[in-house]
Amino acid sequence: MRPGTTAPAPKRQKCDHWTPCPSDTYAYRLLSGGGRDKYAKICFEDELLIGEKTGNVGRGINIAIVNYMTGKVTATQYFDMFEGDNSGQMINFIQSAPSKSLIFMVTHDDGASRLKEDAKKVIEGLGSKHIRNIQFRSSWVFLTAKDLQLPEEIQRESINHSDSARNRYSGWPAEVQIEGCIPKKTS
């Protein structure tokens with residue numbers, strides 16, 4: 001660079017990725033809540049599907065369903081797992097996802113206290129390896145698909161437990177995230 005010139009501002013990528021996704025893929029980022037005031041977010045193709053700015057994020061397990069063929073969101077909802085009996089409603093919501101759907105799940109605050117065994121089985125059946133380990137205020141994110149085979153190299157899940165010796169926020173674990181690019185044509 002010549003003296004007196006400045007570098008151009010970096011180009012912003014979809015869902016705030018560091019590097020762009022190829023044009024034949026979908027960009028996504030799942031971010032759990034962290035602490036009392038860091039809300040969960042689900043971003044898909046640079047659209048905030050769930051988050052504080054969209055006003056549809058809540059305590060518990062937040063879920064977005066996206067039509068894989070069109071890349072359009074079909075439904076979003078959160079299920080409070082601290083108060084009330086919402087496991088059954090969550091199961092119905094997950095099972096109502098149309099064939100060839102992407103399903104994104106993120107926790108905010110507590111996603112475990114009233115999460116029932118049948119709900120864990122449904123999420124486990126979708127490929128979750130950590131749903132049985134989820135604890136009070138665990139930060140958890142999960143990506144899955146219905147009637148689609150996602151490539152093996154895609155990170156699908158991450159979890160962080162509350163640990164008073166290592167918590168970033170007083171009594172709350174740090175948020176976790178996964179991001180990447182989903183090919184638009186899968187098997």
Side-chain angles (χ1 to χ4, degrees), residues 12-82 86-87 89-111 115 119 122-123 126-128 130-131 134 138-151 154-160 174-186:
R12 191 186 161 286
Q13 303 301 327
K14 288 180 180 177
C15 294
D16 294 322
H17 285 204
W18 284 103
T19 58
C21 283
S23 61
D24 62 345
T25 64
Y26 294 121
Y28 68 90
R29 172 178 277 169
L30 309 181
L31 180 68
S32 73
R36 187 177 313 275
D37 301 318
K38 302 279 186 187
Y39 289 91
K41 294 178 188 173
I42 297 175
C43 179
F44 183 79
E45 277 296 278
D46 219 24
E47 181 183 349
L48 187 63
L49 305 183
I50 287 182
E52 186 176 17
K53 289 181 182 174
T54 55
N56 63 346
V57 64
R59 175 176 64 193
I61 298 177
N62 295 261
I63 304 174
I65 299 172
V66 172
N67 179 311
Y68 173 77
M69 305 310 281
T70 65
K72 300 295 180 201
V73 65
T74 58
T76 64
Q77 197 164 338
Y78 64 87
F79 300 90
D80 190 335
M81 291 297 150
F82 186 72
N86 297 306
S87 283
Q89 290 175 322
M90 185 177 71
I91 290 169
N92 291 340
F93 183 76
I94 292 167
Q95 291 177 336
S96 74
S99 180
K100 306 256 188 249
S101 289
L102 299 169
I103 303 171
F104 304 98
M105 300 182 193
V106 296
T107 56
H108 176 70
D109 192 342
D110 179 31
L115 182 63
V122 167
I123 295 169
L126 291 170
S128 173
H130 296 294
I131 194 63
I134 197 169
S138 291
S139 295
W140 174 73
V141 295
F142 178 54
L143 156 65
T144 190
K146 184 174 180 179
D147 302 326
L148 286 169
Q149 187 64 44
L150 296 174
I154 290 178
Q155 183 183 7
R156 295 200 178 102
E157 194 169 24
S158 186
I159 194 166
N160 187 20
E175 53 272 88
V176 294
Q177 78 172 7
I178 57 175
E179 67 178 43
C181 311
I182 300 171
K184 289 184 179 177
K185 291 188 171 73
T186 68

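Every heavy atom of this structure was used, including side-chain atoms; hydrogens, water molecules and symmetry mates were not. For the single chain, residues carry numbers from 1 onward in sequence order.
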Check whether any side-chain heavy atom of [X] sits under 4.5 Å from a side-chain heavy atom of [Y], and report yes or no.
X	Y	value
Thr19	Gln13	no
Thr76	Thr54	no
Trp140	Met105	yes
Ser158	Leu30	no
Ile103	Phe142	no
Leu115	Ser87	yes
Tyr78	His108	no
Ile182	Tyr28	yes

So, [X] side chain and [Y] main chain: donor-acceptor pair closer than 3.5 Å or not?
X	Y	answer
Lys146	Gln95	yes
Thr144	Leu126	yes
Glu45	Ala27	yes
Ser32	Val176	yes
Tyr39	Gly58	no
Arg29	Asp16	yes
Thr74	Ile65	yes

Going from [atom1] on [X] to [atom2] on [Y], what distance comes out if it is rounded to the nearest 0.5 angstrom?
X	Y	atom1	atom2	value
Tyr68	Lys185	OH	NZ	8.0 Å
Met69	Leu102	CE	CG	10.5 Å
Lys184	Asp24	NZ	CG	7.5 Å
Gln155	Gln177	CD	CD	9.0 Å

Checklist entry - How are the rings of Tyr26 and Phe44 set relative to one another: parallel (under 30°), tilted (30 to 60°) or perpendicular (over 60°)? => result tilted
Checklist entry - Thr25: what forms a side-chain contact (heavy atoms from CB on, under 4.5 Å) with it, not counting sequence neighbours? => result Cys21, Pro22, Cys181
Next on the checklist: Using the side-chain contact (heavy atoms from CB on, under 4.5 Å) criterion, which residues pair with Phe79? Sequence neighbours excluded.
Outcome noted: Ile63, Gln77, Met81, Asn86, Gln89, Met90, Phe93
How close do [X] and [Y] get, heavy atom to heavy atom, and via which atoms?
X	Y	value
Leu49	Ala64	CD1-CB, 4.0 Å
Ile131	Glu157	N-OE2, 4.0 Å
Gly111	Ile134	O-CD1, 4.0 Å
Lys38	Gly34	CB-O, 2.6 Å
Asn62	Ala40	ND2-CB, 4.5 Å
Ser101	Pro98	OG-O, 2.6 Å

Checklist entry - With no hydrogens and no angle check, do the side chains of Asn160 and Ser139 hold a donor and an acceptor under 3.5 Å apart? => result no
Checklist entry - Is Asp80 paired with Arg59 through a side-chain N to carboxylate O contact shorter than 4.0 Å? => result yes
Checklist entry - Can you list every pair that meets disulfide (SG to SG under 2.5 Å) and has a residue in residues 29-68, with sequence neighbours left out? => result Cys15-Cys43
